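Mind looking over this structure? Questions follow.
FYI, the numbering just counts along the sequence from 1. Quick caveat, the model's predicted, so the values are computed rather than measured.
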Amino acid sequence: MKHSARTSVSSHDQSEFLRGPRESSTDDIEIHLGNNVDSKRFPYEITKDTSSSTQSNLIVEGTQSRQDINSFDHETDDENENDRIVIKPVNDEDDTSVIITFNQGISAFIITLTFVASISGFMFGYDTGYISSALVSIGTDLDNKVLSYGDKEIITAATSLGALITSTMAGTAADIFGRRPCLMFSNVMFVIGAILQITAHKFWQMAVGRLIMGFGVGIGSLISPLFISEIAPKMIRGRLTVINSLWLTGGQLIAYGCGAGLNHVNNGWRILVGLSLIPTVLQFSFFLFLPDTPRYYVMKGRYDDAKSVLHRSYKGASDDIIERKVEELRELNHSIEGKNIPQRFWNTVKELHRVPSNFRALIIACGLQAIQQFTGWNSLMYFSGTIFETVGFSNSSAVSIIVSGTNFIFTLVAFFAIDKIGRRYILLIGLPGMTGSLTVCAIAFHFIGIRFEGNDAVVSHSGFTAWGIVIIVFIIVFAAFYALGIGTVPWQQSELFPQNVRGVGTSYATATNWAGSLVIASTFLTMLQNITPTGTFAFFAGLSFVSTIFCYFCYPELSGLELEEVQTILKDGFNIKASQTLAKKRKQQVSRVTKLKNEPTQEIIEA
Ligand SMILES: O[C@H]1[C@H](O)[C@@H](O)[C@H](O)[C@@H](O)[C@H]1O
């Protein structure tokens with residue numbers, strides 16, 4: 001790699017700076033991989049070192065000294081099995097990220113971009129959240145008749161269906177047109193959808209309005225976390241992406257709150273829909289003045305635009321360092337060949353399935369999204385009112401607010417934990433907690449003795465009972481464990497994929513989410529009727545248990561890792577232990593340099 005004289009920051013210089021004087025004079029970094037190394041795609045020069053007998057499948061970062069590497073080997077001797085490979089850092093975007101991330105406070109510009117992008121999260125939450133109270137207050141406002149149960153299902157499901165449709169295309173569209181134009185397009189969908197609903201006097205107009213609103217939700221749900229992960233400094237990438245989830249769960253909470261407040265207001269549901277116009281118009285207006293992500297600009301060869309965004313993001317970073325960052329992003333941007341868009345899309349799909357690390361990323365991303373939906377949370381979001389009424393609570397909307405409030409508060413806990421404690425840990429705390437609380441609910445439902453006749457619940461012990469309280473308490477506990485882990489972590493999906501397949505990979509995962517949400521929303525009441533509430537909750541408990549096993553074996557720790565390192569981790573397996581060791585090293589490395597945080601980048605480079 002060529003460096004200009006002033007910014008010549010080899011991995012050496014950085015490690016020296018980060019750790020103090022080095023012990024070894026070699027420029028090589030050792031990386032231990034399995035046998036399936038695809039050197040064409042790997043951004044390092046790789047050579048096999050047959051002289052060593054020490055073997056490990058651990059991946060060692062570019063800023064380690066030889067001494068660190070040796071101790072690293074030592075720590076993990078029990079996992080040894082594969083070839084030792086010596087790699088030289090040909091291009092490593094992390095080099096620059098390390099400097100920029102460690103030594104710059106987060107800029108107001110990155111915060112602004114994150115908050116504006118995550119308004120899409122709010123729209124997602126608000127638009128999926130307001131419908132349950134709107135359906136109650138609609139009364140006979142559509143077609144002058146009371147909505148049938150089927151009509152209500154169509155109105156609810158239309159948004160999930162719309163989101164499912166657009167989420168399959170949004171990733172590709174984001175690569176072709178840009179992340180920002182796609183988010184602005186979603187704003188247009190939100191506005192059209194909302195206006196159709198506000199002015200609806202016919203059932204079909206309401207349903208079409210919900211469907212079009214869903215188009216916006218699908219685009220926003222995919223692109224907002226993608227946008228944030230592309231502008232975020234790596235050590236807080238998890239947190240910044242959780243801001244989107246905070247807006248999401250906050251949106252659901254506000255929707256429930258406003259819904260409860262407007263329940264008895266004449267045409268209150270129209271006001272409820274109308275309120276959704278405010279954030280979407282705000283997001284559109286902000287984006288008129290804000291740029292796209294540097295990675296997108298690099299994909300399109302717009303290097304000057306990329307530099308300008310990086311300059312605004314990392315105040316005080318020199319021209320040289322920005323130049324080098326763009327250079328590295330360029331080198332990492334292995335665009336996929338193809339004469340036209342359909343051909344490139346097809347080649348991307350092939351790449352996603354054929355390259356082992358991509359395919360593993362796909363299994364994890366889609367697996368987590370499926371778990372998030374099929375463990376039943378949204379059935380509580382949509383039908384919690386009904387459930388609480390059947391167990392004797394007359395003020396069901398108040399309890400629903402408590403449940404979605406818990407979801408919001410524990411998303412906040414996830415915000416603090418996701419980078420510090422790590423994604424894997426919070427998942428492995430959350431899922432068993434969900435299994436336990438769902439099991440308790442299943443048992444409690446058995447003692448309450450609910451059965452369904454048509455769509456009406458018949459309770460043997462009517463009124464407010466001890467088992468009723470148990471159910472409410474454990475649904476709240478379930479909400480807490482859900483939000484802490486599986487409610488939040490799947491939306492980190494963008495970090496699993498490399499740049500060239502990120503759009504399509506996240507499309508698959510987001511579509512899995514919406515397909516799951518659609519299936520659960522449309523089958524939950526049928527499940528309650530056919531296999532009883534005890535059976536339904538036991539089923540979700542079983543799925544949560546199986547999901548815990550899946551995450552234990554397949555979800556590596558990705559906190560603090562560079563996007564490229566994630567690929568390396570997934571290259572020859574799920575490499576759970578290797579990922580944990582690397583994440584730990586990263587954390588130690590950060591804790592060593594925190595006192596330098598506010599020093600200007602340039603001084604550090606020259607140190
Ligand atoms: O992450 C979110 C969040 O957990 C919401 O509460 C839920 O309704 C969504 O389906 C999910 O994607």
Pairing residues for K152 by the side-chain contact (heavy atoms from CB on, under 4.5 Å) criterion, not counting sequence neighbours: L135, L147

Smallest heavy-atom separation, S224 atom then S118 atom, equals OG-CA, 3.6 Å

Contacts satisfying salt bridge (Lys or Arg N to Asp or Glu O under 4.0 Å) that involve residues 400-426 (not counting sequence neighbours) are D419-R423, R423-E495

For the residue pair L272 and C258, what are the closest heavy atoms and their distance? CD1-CB, 3.5 Å

Qualifying ring-ring contact (aromatic ring centres under 6.0 Å, His included) pairs with a residue from residues 271-299, counting only residues at least two apart or across chains: F227-F287

Checking T280 side chain against L277 main chain: does a donor-acceptor pair fall under 3.5 Å? no

Set of residues satisfying ring pair (Phe, Tyr, Trp, His ring centres under 6.0 Å) with respect to F537, sequence neighbours excluded: F445

Could you state the interatomic distance from CZ (F497) to CG (L362), rounded to the nearest 0.5 Å? 5.0 Å

Using the salt bridge (Lys or Arg N to Asp or Glu O under 4.0 Å) criterion, which residues pair with R302? Sequence neighbours excluded. D305

Distance-only, no hydrogens or angles: does the T488 side chain make a donor-acceptor pair with backbone N or O of A483 under 3.5 Å? yes

Only residue of N513, T510, T512 satisfying side-chain hydrogen bond (donor to acceptor under 3.5 Å, both in side chains) with Q369 is N513

With sequence neighbours left out, the residues meeting side-chain contact (heavy atoms from CB on, under 4.5 Å) with T526 are N530

Backbone of G193 reached by a side-chain donor or acceptor of Q197 within 3.5 Å: yes

Do the side chain of S507 and the main chain of G171 share a donor and acceptor less than 3.5 angstrom apart? yes

Just distance, no hydrogens or angles: give the donor-acceptor pairs under 3.5 Å from side chains in residues 207-221, sequence neighbours left out.
from, atom 1, to, atom 2, distance (Å)
R210, NE, I155, O, 3.1
R210, NE, T159, OG1, 3.0
R210, NH1, D127, O, 3.0
R210, NH1, Y130, OH, 3.2
R210, NH2, T159, OG1, 3.0
S221, OG, V217, O, 3.2
S221, OG, G218, O, 3.0
S221, OG, W514, NE1, 3.1

Run the numbers on N244 and W491 for side-chain hydrogen bond (donor to acceptor under 3.5 Å, both in side chains), then give the verdict. CA-CA 9 Å; N244 187 61; W491 292 114; over 6 Å; no

Between Q252 (side chain) and G129 (backbone), is there a donor-acceptor pair under 3.5 Å? no

Partners of R179 by salt bridge (Lys or Arg N to Asp or Glu O under 4.0 Å), sequence neighbours excluded? D175, E230

What pairs with Y508 under ring pair (Phe, Tyr, Trp, His ring centres under 6.0 Å), at least two apart in sequence or on another chain? H353

F109: side-chain contact (heavy atoms from CB on, under 4.5 Å) partners, not counting sequence neighbours: S107, L113, L290, P291, V309, R312, S313

Those residues that, when tested against S245, pass side-chain hydrogen bond (donor to acceptor under 3.5 Å, both in side chains) (two or more places apart): none

Does the E557 side chain pair with the main chain of S579, one donor and one acceptor, at a distance under 3.5 Å? no

Please check this pair: side chain of D143 against backbone of F203, looking for a donor-acceptor N/O pair closer than 3.5 Å. yes

Name the residue from I106, L240, I236 that meets the side-chain contact (heavy atoms from CB on, under 4.5 Å) definition with T114. L240

Can any side-chain N or O of Q492 pair as donor or acceptor with the backbone N or O of G238 at less than 3.5 Å? yes

Once ring-ring contact (aromatic ring centres under 6.0 Å, His included) is applied, what residue pairs with a partner in residues 156-184 remain, sequence neighbours excluded? none

Drop me the distance from R270's CZ to I138's CD1, to the nearest 0.5 angstrom. 8.0 Å

